[in-house]
Amino acid sequence: QVQLLESGGGLVQAGGSLRLSCAVSGRTFITYPMGWFRQAPGKEREFVASISRSGGTTDYADSVKGRFTISRDNAQNTVYLQMNSLSPEDTAVYFCAKGKSLVAGRLQSQYDYWGQGTQVTVSS
């Protein structure tokens, strides 16, 4: 059984930074791509970023490109999301997810295990 546990969320002022972590249990971490999604109040959950198995390929939603960085430490079974220049529009619950197949994607259907989420609130 795979379990994902996010941490690092909190309250930050606009322009600030946060680093989210997602610890993954199980020996299959290195085998699959990982992704971050977010869901703002009253909105659908949306793709934020993904990273390939090796970490060599990343993909970002246009809304976070240039501000967020996804990375992974396969030795620690952990994926990270560094978030800089945060704005109130980034306020959401952030979820990490494990890819189903060997290729990362932007669709929620391409991920099979999800964390419980961590709240990020950006004040203006």
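All of these numbers come straight from a predicted model, not from anything done at the bench.
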(message) Do Q82 and S17 make a side-chain contact, defined as non-hydrogen atoms from C-beta onward lying under 4.5 Å apart?
(response) yes
(request) Tell me, please, which residues at least two apart from R106 pass salt bridge (charged side-chain N to carboxylate O under 4.0 Å, His left out). (result) D59
(message) Using the rule ring pair (Phe, Tyr, Trp, His ring centres under 6.0 Å), only one of F47, Y32, F37 pairs with Y111; which is it?
(response) F37
(message) With a 3.5 Å distance limit and no angle check, can you tell me whether Y60 reaches the backbone of I70 through a side-chain donor-acceptor pair?
(response) yes
(request) Could you give me the CA-CA distance, side-chain angles and deciding distance for V122 and L11, then say whether side chain to side chain contact (heavy atoms under 4.5 Å, CB included) is met? (result) CA-CA 6 Å; V122 185; L11 174 64; over 6 Å; no
(request) Measure the shortest side-chain to side-chain distance between F68 and L81 over non-hydrogen atoms and say whether it is less than 4.5 angstrom. (result) yes
(request) Drop me the distance from N77's CG to R72's CZ, to the nearest 0.5 angstrom. (result) 9.0 Å
(message) Against the six-membered ring of F95, is R45 placed for a cation-pi contact (under 6.0 Å from the centre, within 45° of the normal)?
(response) yes
(request) Provide the closest heavy-atom pair for Y94 versus V48 in the form atom of the first, atom of the second, distance. (result) CE2-CG2, 4.4 Å
(request) Using modelled atom types only, decide if a donor and an acceptor are shared between the side chain of E6 and the backbone of Q116 within a distance under 3.5 Å. (result) yes
(request) Please tell me if the side chains of M83 and D90 come closer than 4.5 Å, counting only heavy atoms from C-beta onward. (result) no
(message) Using 0.5 Å steps for rounding, measure from the CG atom of L86 to the OG atom of S123.
(response) 10.5 Å
(message) With side chain to side chain contact (heavy atoms under 4.5 Å, CB included) as the criterion, how do V79 and I51 come out once you've worked through the C-alpha distance, each side chain's angles and the decisive distance to 0.1 Å?
(response) CA-CA 9 Å; V79 62; I51 188 166; 4.2 Å; yes
(message) Could you report the tightest heavy-atom contact between S124 and P88, atom names first, then the distance?
(response) CB-CG, 3.8 Å
(request) For residues S7 and L5, determine if any side-chain heavy atom of one lies less than 4.5 Å from a side-chain heavy atom of the other. (result) no
(request) May I ask you to decide if R38's main-chain N or O and E46's side chain share a donor-acceptor pair within less than 3.5 Å? (result) no
(message) Tell me whether T91 contacts the main-chain N or O of E89 through its side chain, where contact means a donor paired with an acceptor under 3.5 Å.
(response) no
(message) Applying side chain to side chain contact (heavy atoms under 4.5 Å, CB included) to Q3 and Y113, what does each step give before you reach the verdict?
(response) CA-CA 7 Å; Q3 292 184 319; Y113 287 93; over 6 Å; no
(request) May I ask you to decide if S109's main-chain N or O and K100's side chain share a donor-acceptor pair within less than 3.5 Å? (result) yes
(request) Please answer whether the main-chain N or O of G9 pairs with a side-chain N or O of T118 as donor and acceptor at a distance below 3.5 Å. (result) yes
(request) Search all heavy atoms of K43 against all heavy atoms of Q39 and return the closest pair with its distance. (result) O-NE2, 3.1 Å
(request) Could you state whether W36 and Y80 fall into the same hydrophobic cluster, counting links through intermediate Ile, Leu, Val, Met, Phe, Trp or Tyr residues with side-chain heavy atoms under 4.5 angstrom apart? (result) no
(message) Quick check for you: to the nearest 0.5 Å, what is the distance between S52 atom OG and L102 atom CG?
(response) 11.0 Å
(request) Please round to the nearest 0.5 Å and tell me the distance separating atom NZ of K98 and atom SG of C22. (result) 12.0 Å
(request) Keeping the roles fixed (side chain from R53, backbone from A104), state whether a donor-acceptor pair exists under 3.5 Å. (result) no
(request) Rounded to the nearest 0.5 Å, what's the gap from CG on N74 to CE on M34? Could you check? (result) 10.0 Å
(message) Are L4 and V93 linked, directly or through intermediate hydrophobic residues, by side-chain heavy-atom contacts shorter than 4.5 Å (ILVMFWY only)?
(response) no
(message) Can a side-chain donor-acceptor contact be found between T78 and D73 if the only test is distance below 3.5 angstrom?
(response) no
